[in-house]
Every structure is written in structure tokens, then in C-alpha cells.
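The chains referred to below are lettered A, B, ... by the order of the sequence lines, with proteins before strands, and numbering in each begins at 1.
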Number of protein chains: 2
Amino acid sequence: MGVTIEDIAKAANVSPSTVSRAIANNPRISEKTRKKIFKIIEEMNYHPNYIARSLANKSTNIVGVVVMGTTEKAFQHPFFPEILRGIASVAYKNKYKILISSVNSLDEEKQIVGELTQSGITDGIILLSSRVKDPSISYLSDIKFPYVIVGRPENENEVNWVDNDNVSIGYKMTKHLIDMGCTDIAFLGVNSEFIVTLDRLKGYKMALADHNIPVDEKLIVEGKFVDDAGYELMKKVLDKGIVPSGVIACDDFLAFGAIKYLNENGLKVPDDVAVAGFNNVPLSNYFTPPLTSVEINAFSLGAKAFELFMAGANSEFKSFNRAIIPAELVIRESTQKK
Amino acid sequence: MGVTIEDIAKAANVSPSTVSRAIANNPRISEKTRKKIFKIIEEMNYHPNYIARSLANKSTNIVGVVVMGTTEKAFQHPFFPEILRGIASVAYKNKYKILISSVNSLDEEKQIVGELTQSGITDGIILLSSRVKDPSISYLSDIKFPYVIVGRPENENEVNWVDNDNVSIGYKMTKHLIDMGCTDIAFLGVNSEFIVTLDRLKGYKMALADHNIPVDEKLIVEGKFVDDAGYELMKKVLDKGIVPSGVIACDDFLAFGAIKYLNENGLKVPDDVAVAGFNNVPLSNYFTPPLTSVEINAFSLGAKAFELFMAGANSEFKSFNRAIIPAELVIRESTQKK
DNA sequence: CTGAAAGCGCTTACAG
DNA sequence: CTGAAAGCGCTTACAG
């Protein structure tokens with residue numbers, strides 16, 4: 001810092017206006033002065049003051065990313081950095097910067113969102129949230145602040161959002177287990193707060209219905225979505241005196257815990273029980289047995305979220321857009337019964 | 001946005017100066033006017049313009065976090081979000097915001113660091129880097145820009161940095177394996193670019209020396225540090241016709257891959273080969289067998305990094321500070337020979 | 001093609 | 001205890 005547009009102007013014997021225009025590639029500046037100015041900028045290692053520019057422009061080219069942190073452990077889940085990397089990648093190409101806020105409760109989220117939107121520090125917000133009730137969403141809509149949600153929201157037609165088709169994902173996974181010969185399939189990790197789990201459950205039920213398998217509520221276990229609670233959830237099922245032939249867990253981590261419990265109780269995966277997860281964490285491939293999962297393409301989720309934000313920023317016609325990111329079933333040993 | 005300090009001033013029948021002072025809790029403002037002003041601020045939902053304030057203050061209360069992204073997959077490693085969460089947590093308490101930049105090469109890092117430091121957008125930088133040669137470090141020092149490195153740098157006495165004591169970590173882990181009866185211990189994942197791996201190797205060698213075990217260079221395998229390359233690295237060792245009684249991998253992910261290869265070759269962990277990793281990823285506990293590792297307390301690394309930045313910002317006496325975050329050996333089944 | 005001037009929304013030294 | 005004014009470093013409509 002230190003060297004300002006004024007310094008450049010003096011050194012180049014022009015006005016600050018001209019320097020500003022040269023930098024902005026304003027075509028009204030002659031090639032000659034432009035060259036002279038750029039040479040001096042180089043020599044003096046001048047970088048425009050981002051803050052002053054933002055104040056004059058009433059736009060910062062900064063996008064706020066708000067994440068639910070500690071409480072849900074979402075931050076620790078491998079898909080989180082992947083989403084962030086996706087956002088950052090597209091943001092970078094568009095000369096945007098990313099301000100990241102980790103919040104620990106809906107109250108804190110509300111406060112942060114209030115500040116980010118009102119203080120002029122961000123041009124838009126990307127919310128990593130798939131909660132059923134998220135007051136920030138309606139707030140953002142009310143004040144017409146540009147934002148995109150990663151995770152299908154309740155009022156999906158009044159919001160810009162990006163997500164996988166989790167109903168279809170749940171369906172495909174269930175169908176896969178049925179194809180493998182499972183009929184009594186446990187479903188672990190439903191959480192009424194998270195739409196993603198409800199959607200996957202919906203797909204599960206649809207697949208069962210399509211194959212004339214009645215839904216057995218005893219096989220559906222509520223629990224934390226992203227956590228190491230799979231061990232406990234699996235225990236709950238076995239404690240009911242049921243040994244399902246298949247298990248679907250809402251996240252790979254749940255599946256790992258479930259498998260651990262099964263092994264401890266003398267049940268082999270996949271031969272006694274086929275087990276699958278979702279989200280294809282890096283380790284699924286190294287687990288014993290390698291875990292069948294679903295690749296949700298988190299990088300693309302993030303990248304697309306930013307693209308949606310940009311599209312909104314550049315269009316004068318207001319609309320609510322959504323993008324569905326394809327997900328692929330990754331079949332591994334944990335569901336391949338011999 | 002929209003409502004400015006001027007609007008508040010008019011509504012309160014005072015000058016903008018007075019509003020500004022009231023907000024800043026300047027004691028010269030009477031309790032009465034202060035109350036009046038705050039009431040109106042509340043009513044009109046006024047939030048000071050962060051950008052204007054920053055321009056006037058010549059300080060943004062934003063800290064830039066620079067991460068090596070794609071290439072090294074560091075972003076995907078669970079310790080990364082943990083570090084970030086630690087930084088965010090302390091930053092939040094100090095009313096700082098975090099701007100995150102993911103870079104894909106040293107060149108890109110250089111460019112981003114140049115921009116972050118020169119454009120006035122950040123008050124300081126936290127670099128997540130433990131590379132042996134990082135030109136950004138000397139650059140930041142040269143221009144005397146406030147910064148903290150997570151990861152011990154080469155010129156450790158001229159830099160603010162935070163890290164574990166990786167030599168000691170390597171020593172402890174090696175000693176643990178020796179105590180378990182291993183004498184020929186392979187060391188996987190040394191990478192001359194990353195000081196952390198060199199430090200752990202150093203500790204390994206020291207432990208061997210202290211127990212009168214000669215170093216066998218054939219047991220030391222270079223490779224990517226954070227990746228899923230453990231399978232290949234383990235193969236390299238066995239291909240030499242060596243079956244070590246113990247294996248230390250520089251990261252848990254490497255250890256997972258190594259175990260997979262051992263298993264495929266009929267070797268049981270831990271009875272035939274004891275295996276340990278570092279960094280205690282969430283899954284180590286669920287792996288079969290549960291993996292011995294080292295908890296590096298990544299959250300604390302991040303939190304402390306920000307504290308170091310704050311300490312530097314608040315002190316008029318320049319100094320180079322470092323903080324060593326304690327790490328704990330987490331002994332699990334993978335190294336417990338019967 | 002270029003410049004002088006006003007303005008973005010704050011803060012703060014100076015004056016009273 | 002409060003206000004008028006200058007300034008932070010840019011951008012841009014207006015004028016030439």
C-alpha cells in the first residue's frame with residue numbers, strides 16, 4: 001500500500017481520472033497514454049485500493065459463504081471443502097473474492113446474514129444449508145439480496161438453489177440393494193431437520209413401492225445425519241431383534257459406524273448384510289470392505305452455486321433458478337453379495 | 001443497505017459526527033443522545049457501511065487465508081477445515097472476517113498474496129503452507145506485512161508461525177512401534193517439499209538411533225504426503241523383498257492405502273505388520289483395524305495462528321513469535337501386536 | 001481524448 | 001458535549 005492513483009497520475013503527467021480510465025480499459029484513452037500509464041504502474045508496483053474502488057462502485061466483488069459450523073460438524077465433512085473449492089474456483093475466474101463465515105446456530109446465522117447483507121461488504125451470499133426451517137432464506141428473499149442456497153430449500157420455487165436430486169439418489173441406491181437380493185433394508189440417519197435425508201428416504205420408499213416391498217417403519221432409524229453415530233443407529237436396529245439383509249446410511253460415516261457394529265456382532269458385510277452410504281468420502285474406497293456410495297460431485301455443487309449467483313448478477317430479468325447436479329452410484333464390495 | 005449515517009443523523013437531529021461517535025462508544029457523547037441515536041438505529045435497521053468505514057480507518061478487519069488447493073488435495077484433507085474453523089472461531093470473537101483464497105500453484109500464490117497485501121483488502125494474512133521453498137514468505141517479510149504461517153518454515157526465526165513439534169511426533173510414534181517389538185520400521189511418504197514430512201522422518205531416525213537400531217534407507221519411501229498413494233508406497237517396500245514388522249505413514253490416508261495392500265498380500269495388521277499414521281482423521285477410529293495415529297489438534301493450530309496475528313497487530317514492539325501446539329499419540333489396534 | 005469536480009459513506013482532528 | 005470540514009482513494013457524469 002501507499003502508492004495511490006494520484007502518485008501514478010503525477011508521475012505520468014495526467015489526471016487521476018485518466019489513470020482510472022486506463023486501468024478500466026476505457027476505450028476513450030489513447031493507446032499512447034495507456035501504455036505510458038501501465039509502464040509507470042508496473043514500475044511503482046501500484047495496486048488499486050480495493051476498498052476505495054468498492055466504495056465508489058457500490059460493489060465489492062466479494063461473495064459471502066455462510067456455513068453451519070461446529071454444531072453439525074458439517075465443516076469437518078469432506079464434502080464441505082469440496083463445495084468451497086468449487087465456489088472458489090469459479091469465483092476466482094470471475095474476479096470475485098470469498099468471505100467465509102462459520103456460524104454455530106440459526107441465531108448466529110441470522111445475525112451474520114444480517115450483517116453481510118446490510119453492511120455492504122458482500123455482493124451476494126451463498127448459504128450452505130439444507131435445513132427445513134431456515135429463517136435466513138425468507139429474510140434474504142424479503143430484502144431481495146442476491147443469494148444462492150446449496151441444498152434444496154422448502155420453498156424451492158422462490159429461491160436460487162443447487163442440489164443433487166436426492167430423491168432419485170435414494171431411489172437408485174435402494175433399487176441397487178433390491179437388485180442385490182435385499183428385501184428388508186434398514187435406512188439409517190433420517191433427520192427431520194435436513195431435507196436431504198427426507199428426500200433420500202422418499203426415494204427409498206418409492207423404490208420399495210415399485211418393487212412391491214412394504215415399508216417397515218421399524219427399519220427406518222432417525223439420527224444425526226453427519227456424524228459418527230452409525231454404530232449406535234445400527235445397534236438400535238439389531239436391538240429390535242431384526243437383522244436386515246441390507247442397510248442404507250444417509251452418509252458414509254454412518255455406514256462405517258454401522259459396519260463396525262455389525263462386525264462386532266459377528267455379521268459379515270456384504271454376505272450377511274449389504275451396506276451402503278452416500279457422499280462417497282475419500283476413504284470409502286479404502287475401507288474394508290470398500291463401501292458402495294454415491295458420488296454427489298460436491299465440487300460441481302459449489303461451482304454451479306457461484307455460476308447461478310453470477311447469472312443473477314448479470315441479468316436484468318429476475319428469475320428463480322435451480323441447478324441439479326448429477327450424482328453417480330459407485331458400487332463397491334460392501335453391497336456385492338456372493 | 002440504503003440507510004446511511006446521514007439518515008440517522010437527520011432523524012436524531014444531530015450531526016453525522018455525533019452518530020459516528022455514539023456508535024464507536026466515544027465517551028464524550030451524552031448518555032441521552034446516545035440512547036436516542038441507538039433507538040433510531042434500531043428502528044431504521046441501520047448497519048454502518050463496512051467499506052466506507054474501512055476506507056476511513058485504513059483497516060478492514062479482514063484477514064486473508066491462503067491455501068494451496070487443488071494440486072495437493074490439502075483442501076480435501078480433514079485437517080484443513082479444522083484449521084479454518086479454528087481461525088474463524090478466534091477471528092469471530094475479535095470481530096474479524098476471513099477472506100479465503102485457494103491457490104493452485106506457487107505462482108498463483110504469489111499473485112494472490114501480492115494482491116491481498118497491496119490492495120488494502122486485508123489487514124493480515126494467514127498462510128497454510130509448510131513448503132520448504134515458499135517465495136511468498138520472504139515477500140511478506142520484505143514488505144513487512146502482518147502474517148502468520150501455519151507450518152514451520154525454513155527460516156523459522158524471522159517469521160510468525162504455528163505448528164506441532166513434528167520431530168517429537170515422529171520420535172514418539174517410532175518409539176511406540178519399537179516398544180511394540182518392531183525393529184524394521186518402514187517410513188512412508190517423505191516428501192522433500194514438505195518440512196512436516198522431513199521433521200517426522202528426523203524424529204524417526206532419532207528414535208532409531210536412541211534404540212541402537214541402524215537406519216535402513218530401503219525402508220524409507222518417498223511419495224506424496226497427502227494423497228491416496230499409500231497402496232503404491234507399500235507395494236514399493238514389499239517389492240524390494242522386505243516385509244517390515246512396522247510401518248509409519250506420514251498421513252492416515254497413506255496408512256489406509258498401505259493396509260489395503262498388506263491385506264491383499266495376506267499380511268495381517270497388526271500381527272504381521274503394525275501400521276500407524278498421523279493426523280488422526282475422523283475415520284481412523286472406524287477403520288479395520290482402528291488406526292494408531294497422532295492427534296495434531298488442527299483446530300488449535302488455526303485458533304493459535306489467529307491469536308498470533310492479533311498479538312502482532314496489538315503490540316508496538318516487533319517480534320517473531322511461534323507457538324507449538326501439543327500433539328497426542330492415539331494408540332489403537334493397528335499397532336497392538338498380540 | 002482528457003480534466004476538474006462531485007460523490008461513495010464513513011472517521012476524526014480541530015474548534016467551540 | 002457537539003458540529004463543520006477535511007480526508008480516506010477511488011469512479012464517473014459533465015464539460016471541453
Novice: Map B:Ile29 and A:Ile23 onto DNA chain D by nearest heavy atom, then report which one ends up closer to the 5' terminus.
Specialist: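 Comparing both residues, the 5'-ward one is B:Ile29.
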
Novice: Excluding sequence neighbours, so at least two apart, what forms ring-ring contact (aromatic ring centres under 6.0 Å, His included) with A:Tyr96?
Specialist: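 A:Tyr96 satisfies ring-ring contact (aromatic ring centres under 6.0 Å, His included) with A:Phe306, A:Phe309 once adjacent residues are dropped.
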
Novice: B:Ile37 CD1 to C:dT11 P: how many Å, rounded?
Specialist: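 Roughly 12 Å, once rounded to whole Å.
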
Novice: Would one find a side-chain N or O of B:Tyr46 under 4.0 angstrom from OP1 or OP2 of C:dG9?
Specialist: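 No, because none of the side-chain N or O atoms of B:Tyr46 sits under 4.0 Å from OP1 or OP2 of C:dG9.
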
Novice: Closer than 4.0 Å, any side-chain N/O of B:Asn57 to the OP1 or OP2 of C:dT12?
Specialist: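 Indeed, a polar side-chain atom of B:Asn57 lies that close.
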
Novice: Rounded to whole angstrom units, what separation is found between the NZ atom of A:Lys10 and the P atom of C:dG3?
Specialist: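 Whole-Å distance recorded here is 14 Å.
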
Novice: Between A:Glu115 and B:Lys95, is the closest basic N to carboxylate O distance under 4.0 Å?
Specialist: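 Not counted as a salt bridge, because no side-chain N and carboxylate O are separated by less than 4.0 Å.
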
Novice: Grab the CG-C1' distance between A:Leu55 and D:dC8 for me, whole Å please.
Specialist: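 Distance check: A:Leu55 CG to D:dC8 C1' gives 9 Å.
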
Novice: Give the dot-bracket string for DNA chain D, reading 5' to 3', where a pair is Watson-Crick or G-U wobble with both distances under 3.5 Å, ( ) marks pairs inside the strand, [ ] marks pairs crossing earlier ones, | marks a partner on another strand, and . marks unpaired.
Specialist: |||.||||||||.|||

Novice: With sequence neighbours left out, what residues match B:Ser138 under side chain to side chain donor-acceptor pair (under 3.5 Å)?
Specialist: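 Checked B:Ser138 against side chain to side chain donor-acceptor pair (under 3.5 Å); zero matches.
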
Novice: What donor-acceptor contacts under 3.5 angstrom involve side-chain atoms of residues 6-15 of chain A, with partners at least two apart or in another chain?
Specialist:
from	atom 1	to	atom 2	distance (Å)
A:Asp7	OD2	A:Thr4	N	2.8
A:Ser15	OG	A:Ser17	N	3.3
A:Ser15	OG	A:Thr18	N	3.3
A:Ser15	OG	A:Thr18	OG1	3.3

Novice: B:Asn13 has an atom CG; how far is it from atom C1' of D:dC1, in whole Å?
Specialist: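 Whole-Å distance recorded here is 16 Å.
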
Novice: Atom CD1 of A:Ile51 and atom P of D:dT11: how far apart are they, to the nearest Å?
Specialist: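 Result: 13 Å.
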
Novice: Under the ring-ring contact (aromatic ring centres under 6.0 Å, His included) test, which residues partner B:Tyr50, sequence neighbours left out?
Specialist: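 For B:Tyr50, no residue satisfies ring-ring contact (aromatic ring centres under 6.0 Å, His included) once neighbours in sequence are set aside.
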
Novice: Which is more 5' along DNA chain D, the nucleotide nearest B:Ala56 or the one nearest B:Glu31? Just name the residue.
Specialist: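 Its nucleotide being nearer the 5' end, the pick is B:Glu31.
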
Novice: Figure out the CG/P separation between A:Asn26 and C:dG3, and round it to whole Å.
Specialist: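 Value for this atom pair: 13 Å.
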
Novice: Has B:Thr33 got a side-chain N or O lying under 4.0 Å from the OP1 or OP2 atom of D:dT2?
Specialist: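 For D:dT2, OP1 or OP2 has a side-chain N or O of B:Thr33 closer than 4.0 Å.
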
Novice: Side chain to side chain donor-acceptor pair (under 3.5 Å) with A:Asn45: which residues, sequence neighbours excluded?
Specialist: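 Expected list: A:His47.
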
Novice: OP1 or OP2 of D:dG9 sitting under 4.0 Å from any side-chain N/O of B:Lys58?
Specialist: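 So the side-chain polar atoms of B:Lys58 do come within 4.0 Å of the phosphate oxygens OP1 or OP2 of D:dG9, strictly under.
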
Novice: Hey, is B:Glu82 close enough to B:Arg85 for a salt bridge, meaning N to O under 4.0 Å?
Specialist: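 Looking at B:Arg85 together with B:Glu82, the answer is yes, because their closest N to O distance falls below 4.0 Å.
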
Novice: Where along residues 14-22 of chain A does a heavy atom come under 4.0 Å from DNA chain C, residue by residue in number order?
Specialist: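 Those residues are A:Val14, A:Ser15, A:Ser17, A:Thr18, A:Arg21.
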
Novice: Rounded to the nearest Å, what distance is computed from the NZ atom of residue A:Lys36 to the P atom of nucleotide C:dC1?
Specialist: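 Taking atom P of C:dC1 as the reference, NZ of A:Lys36 is at 14 Å.
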
Novice: Rounded to the Å, how far apart are B:Lys35 NZ and D:dC1 P?
Specialist: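 So the NZ-P distance, B:Lys35 to D:dC1, works out to 14 Å.
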
Novice: Sorted by first residue and then second, give each salt bridge (charged side-chain N to carboxylate O under 4.0 Å, His left out) pair with at least one member in residues 298-310 of chain A; sequence neighbours left out.
Specialist: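 Pairs touching residues 298-310 of chain A that pass the test: A:Lys304-A:Glu307.
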
Novice: With sequence neighbours left out, write down each residue that passes side chain to side chain donor-acceptor pair (under 3.5 Å) with A:Ser300, or none if nothing qualifies.
Specialist: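 Checked A:Ser300 against side chain to side chain donor-acceptor pair (under 3.5 Å); zero matches.
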
